[in-house]
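A short worksheet on the structure shown next.
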Protein chains: 2
Amino acid sequence: MGQNLTIRVDPKGDRPPSEQIAAQVRFAIAAGVLEPGARLPSVRQLAVEALVNPNTVGKVWRDLEREGVLESRPGDGVFVAVAAPELCKEARDRELTARLGAWVNDARSAGLEERELRELFERALAPRRLRRVGERS
Amino acid sequence: MGQNLTIRVDPKGDRPPSEQIAAQVRFAIAAGVLEPGARLPSVRQLAVEALVNPNTVGKVWRDLEREGVLESRPGDGVFVAVAAPELCKEARDRELTARLGAWVNDARSAGLEERELRELFERALAPRRLRRVGERS
DNA sequence: TGGGCCGTCCTATCGTCCTAGGACAGTCGA
DNA sequence: TCGACTGTCCTAGGACGATAGGACGGCCCA
């Protein structure tokens, strides 16, 4: 594994580009795609790839450094910190739990029963796959 | 059932107040809390309750009228349209499906296995115990 | 040593959304 | 008819984030 990282930004998304980039970097580290010591793309390079302003990328690098996820060496580049995987896994679990909790909350307030929640969940897990009877969970 | 409607707005939420109000109204209609013909609170009254500007509420009422969910009678009030439940149930299912799909997508890209997704889901349905994802007991 | 890349910082500008306050016409009941 | 309500519309302003462009010093290597 290592420097295989592609950042995709939707400028019209409901979350600002800087947050989208930060989330994707954190998830890549949590997933092990980016390991401690790995070099991240330069602000100018990623800005071209993701079609955003270099300042936007720079802001993300600085924010993530303050979190302890990245390590910036001016004149050299930014790198994944040693403690990053731990931090990112925690942040990932926190965020995914919160989002799913909000989803369940909203779905219930919209009048859906638990059975319907499970149905939607199974469909989300296998959107284009027919469920097989007795499939092992 | 009927006029039992409380709107809660988080001014610091990631979604703007107008969308929060619109979503809650749509969900209430889909859930049957608001039935066709029911009167909604006036822009000024709801603005006080939800701590937002009357213009913000007015914008929501107008947007929902363009969707066919509400019916505005100037000088009288706004009311739930006849076709609203159908529209809102469709919108609800569409939104919940999209959000859950994005969640599954994100969780997978963050390195979580299907088993862990199911764990998180079960915990979100019944948040009794607190245990980290993938932690061995 | 010089050139090229690196992150950082600064100011200014733009767009979007909500806020603010006022003005208007329609509706209803006393 | 009058007054109190209703939704609608208008302009102005502020908060926030992204954008734009430039300038600075650090690092590496030919």
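Only heavy atoms go into these numbers, but all of them, side chains included; no hydrogens, no water, no symmetry mates. Model, not experiment: these values are computed from the prediction.
Across all strands shown, B/Pro17 has heavy atoms under 4.0 Å from sugar-phosphate atoms exclusively, and none from any base. No contact: A/Pro11 has no heavy atom under 4.0 Å from any strand. Within 4.0 Å of B/Glu19, counting heavy atoms only, lies no atom of the nucleic acid at all.
Taking every heavy atom of both residues into account, A/Asn53 and A/Ala47 meet most closely at C-CB, 3.9 Å. Taking both residues in full, the closest heavy atoms of A/Gly111 and B/Arg92 are given as C-NH1, 4.3 Å, listed atom of the first, atom of the second, then distance. Between A/Ile7 and A/Gln24, the shortest heavy-atom contact is CA-OE1, 3.5 Å. Annotation for A/Arg62 and A/Asn55: closest pair NH2-O, 4.3 Å, computed over non-hydrogen atoms.
Running 5' to 3' along DNA chain C, contacts with non-hydrogen atoms of chain A at under 4.0 Å begin and end at C/dC6 to C/dC10.
A/Asp14 has its CG atom 13 Å from the P atom of D/dA18, to the nearest Å. As rounded to whole Å, 11 Å separates atom P of D/dG7 from atom CZ of B/Arg62. Between B/Asn53 atom CG and D/dT8 atom P the separation is 15 Å, expressed in whole Å. The interatomic distance linking A/Phe79 (CZ) with D/dC27 (P) rounds to 12 Å, in whole Å.
Within the 4.0 Å cut-off from OP1 or OP2 of D/dG17, not a single side-chain nitrogen or oxygen of A/Thr56 is found.
Using a 4.0 Å cut-off between a side-chain N of Lys or Arg and a carboxylate O of Asp or Glu, B/Glu119 and B/Arg123 qualify as a salt bridge. A/Glu113 has no carboxylate O lying under 4.0 Å from a charged side-chain N of A/Arg118, or vice versa, which leaves the two without a salt bridge. Using a cut-off of 4.0 Å between Lys/Arg side-chain N and Asp/Glu carboxylate O, B/Arg26 and B/Glu67 are scored as salt-bridged. Of the charged side-chain nitrogens involved, none lies within less than 4.0 Å of a carboxylate oxygen, so that A/Glu19 and A/Lys59 do not count as a salt-bridged pair.
In terms of polar N and O atoms assigned as donor or acceptor, the side chain of B/Asn55 never comes within less than 3.5 Å of the base of D/dG7 in a complementary pairing.
B/Trp103 and A/Leu125 fall within the same hydrophobic cluster, defined by Ile, Leu, Val, Met, Phe, Trp and Tyr side-chain heavy atoms under 4.5 Å apart, directly or through other members.
Proximity of a side-chain donor or acceptor of A/Gln20 to a complementary backbone N or O of A/Asp10 within less than 3.5 Å is detected.
Of the residues in residues 44-52 of chain B, those lying under 4.0 Å from DNA chain D by heavy-atom distance are B/Arg44. Applying a 4.0 Å cut-off to non-hydrogen atoms, the residues of residues 67-78 of chain B that approach DNA chain D are B/Ser72, B/Pro74, B/Gly75, B/Asp76, B/Gly77, B/Val78, listed by residue number.
Ring pair B/Phe121/A/Phe121 is parallel by interplanar angle, where below 30° counts as parallel and above 60° as perpendicular.
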